[in-house]
Amino acid sequence: MARFQFLEETARRIFTIHGYEELRTPVFEPTDLFVRGIGEVTDIVSKEMYTFKDRSERSLTLRPEGTAGVVRATLEHGLLRQSSEMKVFYMGPMFRYERPQKGRQRQFHQIGCEWFGNASPWADAETIAMLTIYLEACGFSGVRTRVNSIGARGDREAINSALRSHLEAHRGDLCEDCQRRTATHPMRALDCKNPGCQPTLDAAPPIVDLLSEASQTLFREVCEHLETLGIEFEIAPRLVRGFDYYTHTVFETVLPGLGAQDAVLGGGRYDNLFEDLGGTSTPALGASLGVERLSLALQSLEAGPDLRSRVDVAICLLDEAGLEVAARLAATCRAEGLRVRFDYQRRSPKAALRDANRVNAHFAALLGASEIEAQHVQLKDLESGNQGPVSFADLPGRLQTHTADSPQ
RNA sequence: GCGGGUGUAGCUCAGCCGGUUAGAGCGCCUGGUUGUGGCCCAGGAGGUCGCCGGUUCAAAUCCGGUCACUCGCCCCA
């Protein structure tokens, strides 16, 4: 949980300084929204949605991804009317009906960002840059995002027919899936991992070469801007994505140590989605991060962030006296914003101190009959072992000056 | 949808070619310190061996079923 919080808070911080605001959307939506948005023939829509009927026989679906819901909310509430541009991020659970395995569960969490109303290749570059900065802020190093362009929707027919004729010519060398995709969605065949298909796929014309002049220029500019921003990336000529709404730039980032499910983020531009969902044509792009996968990757990091929880002071009773006094002290310290450990249990001093040590407290405030008599606690620094009296009244102030510079 | 694996103490696991009171490490508790943690030492608590059935004089161990979890393929975050 600490890792989730860290990943989410870091995202809030990095996304916010890039001008994004958080938006919350419902966890379920009308099924039709995803069918129209993601595309009928995609795996997600055809076999991975959690779909059910409500009491009025409406078909609802637990969201398998975040973008469609954000676009729907934007259209429905006219969020894009007062300004022509908007940047939002979200985080929350997503659902896909499939066999769980490492780095993949049926309910999982994504952090996503969406940027509406900006067609500049700078927007693509900034988005990839921001995500790279985010991953680095989380402690990952050597992040290299894989980037490709699948062109405008108008380029699609030329791409498909060129790929189809190539794939048809080598039909016998392709696996069943690829043979099927040749007809339905030839671009998807390109990222088939089946070893037998590789020679044929390697020999296929690169998608970028099949794009219109304008689309190629756009992609070149995205790459140039990434270099201007000093972002490490690599061009992945065969990278395509599983959602139909993508156009032009697509990208994904993989991290080591995650086995088969190593993509921690994916995204791209989707300039037609607003129209597809009944809005006016709006350039847009976005990405989403898989929180569980990031969390796993964070775990295997040799020098990860320090996520141990910290307690400023643990109040330790030394004898039968002092429960009421301790309760009041805990309350006044908490009112000052201090993290206080006190469990109202009567236990041996030894056990109380051991507990204080276990929860990683900076100080232990020791309280017994003689301390109450003198109106002070014995404040013990648990790292140095130094101990001395501090009056009840001075305790909160004293703790604040000593814990102000500490992490977390 | 397809194919593997595993279910034994709070956690990680050993034991499993059937045979006495089911073990280890870590964690937890107590004591060594008549009101003081971390390190060390000594002791202690804790288990229907996933569940149901079968074979047998005897089952954690063999067989069947069932449930749960897990890994891989497909696809994706």
Side-chain angles (χ1 to χ4, degrees), chain A residues 7 38 41-49 63-67 91-112 131 135 175-178 180-181 185 188-189 191-195 197 239-243 246 250-255 258-268 286-297 311 314-322 341 346-372 377-388:
Chain A
L7 291 167
I38 300 170
V41 300
T42 58
D43 283 336
I44 296 222
V45 169
S46 61
K47 63 170 195 181
E48 292 177 0
M49 294 208 300
R63 59 185 184 189
E65 59 96 49
T67 301
M91 49 188 70
M94 305 292 162
F95 305 82
R96 289 184 199 170
Y97 188 90
E98 50 192 349
R99 282 293 287 276
Q101 62 186 272
K102 185 178 184 185
R104 175 205 310 201
Q105 26 278 120
R106 287 179 167 177
Q107 172 168 347
F108 62 105
H109 296 78
Q110 286 190 336
I111 300 172
L131 294 163
L135 291 175
C175 69
E176 242 176 72
D177 281 333
C178 287
R180 182 172 42 76
R181 291 197 195 104
H185 201 155
R188 301 279 314 136
D191 68 354
C192 176
K193 279 142 201 133
N194 198 317
C197 301
L239 175 67
V240 293
R241 313 225 68 247
F243 301 155
Y246 284 115
V250 293
F251 54 87
E252 71 175 25
T253 306
V254 300
L255 289 177
L258 292 177
Q261 269 64 51
D262 60 354
V264 295
L265 79 83
S288 62
L289 298 133
V291 182
E292 282 80 1
R293 290 181 186 180
L294 284 171
S295 179
L296 281 172
V311 166
I315 299 177
C316 300
L317 297 178
L318 296 176
D319 52 41
E320 294 300 300
R341 169 82 172 185
R346 295 190 187 283
R347 58 219 307 190
S348 70
K350 188 180 189 136
L353 264 295
R354 186 166 48 220
D355 180 69
N357 187 63
R358 184 170 31 226
V359 299
N360 201 19
H362 279 111
F363 291 97
L366 308 168
L367 189 66
S370 56
E371 283 72 28
I372 292 171
V377 298
Q378 287 293 335
L379 190 64
K380 177 165 187 162
D381 182 325
L382 289 176
E383 278 174 31
S384 65
N386 296 336
Q387 175 178 330

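Numbers restart at 1 for each chain; the letters A, B, ... are given by sequence-line order, proteins then strands.
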Q) Atom CG of L353(A) and atom P of U30(B): how far apart are they, to the nearest Å? A) 13 Å

Q) Of all heavy-atom pairs between L239(A) and F251(A), which one has the smallest distance, and what is that distance? A) CD2-CA, 3.7 Å

Q. Between the side-chain atoms of Q387(A) and the base atoms of U36(B), is any donor-acceptor pair under 3.5 Å?
A. yes

Q: On RNA chain B, check which nucleotide each of V291(A) and E371(A) is closest to and give me the residue with the more 5' one.
A: E371(A)

Q.
With a 3.5 Å cut-off and heavy atoms only, can you find an N or O donor on one side and an acceptor on the other between the side chain of N357(A) and the base of G38(B)?
A. no

**Q.** Nearest-Å distance for atom pair OH/C1', residues Y246(A) and A77(B)
**A.** 10 Å

Q: To the nearest Å, give me how far apart CD (E48(A)) and P (C2(B)) are.
A: 16 Å

Q | Whole-Å gap separating C1' (U36(B)) and CZ (R341(A)) | A | 17 Å

Q: Would you kindly give the CZ-to-P distance between F108(A) and A77(B), to the nearest whole Å?
A: 8 Å

**Q.** Side-chain ion pair, R106(A) and E98(A), N-O less than 4.0 Å
**A.** no

Q: Establish whether the base of A77(B) is bridged to the side chain of Q107(A) by a donor-acceptor pair shorter than 3.5 Å.
A: no

Q) To the side chain of R354(A), which of A77(B), G72(B), C29(B) is closest? A) C29(B)

(Q) Whether R347(A) contacts C29(B) is assessed here as follows: a side-chain N or O lying under 4.0 Å from the phosphate OP1 or OP2. Is that the case? (A) no

Q) To the side chain of R99(A), which of A77(B), G1(B), G37(B) is closest? A) G1(B)

Q | Interatomic distance where NE2 belongs to H362(A) and C1' belongs to G37(B) [whole Å] | A | 15 Å

Q: Using the C1' atom on both, measure G5(B) against A9(B) and round to a whole Å.
A: 23 Å

Q | 5'-most by nearest nucleotide on RNA chain B - S370(A) or R358(A) | A | R358(A)

Q: Please state how far atom NZ in K47(A) lies from atom P in C2(B), giving the value in whole angstrom units.
A: 12 Å

Q) Rounded to the nearest Å, what distance is computed from the CD atom of residue Q101(A) to the P atom of nucleotide A77(B)? A) 14 Å

Q | Heavy-atom side-chain proximity of Q107(A) to M94(A) below 4.5 angstrom | A | no

Q.
Check the phosphate of U70(B) against R104(A), side-chain N and O only, distance under 4.0 Å to OP1 or OP2. Yes or no?
A. no

Q. Which listed nucleotide (G72(B), A77(B), U30(B)) is nearest to the side chain of A263(A)?
A. A77(B)

Q: Taking all heavy atoms of L366(A) and all of E371(A), pick out the closest pair and write down the distance.
A: O-CG, 3.7 Å

Q: Classify the side chain of K380(A) and the base of U36(B) as holding, or not holding, a donor-acceptor pair under 3.5 Å.
A: yes

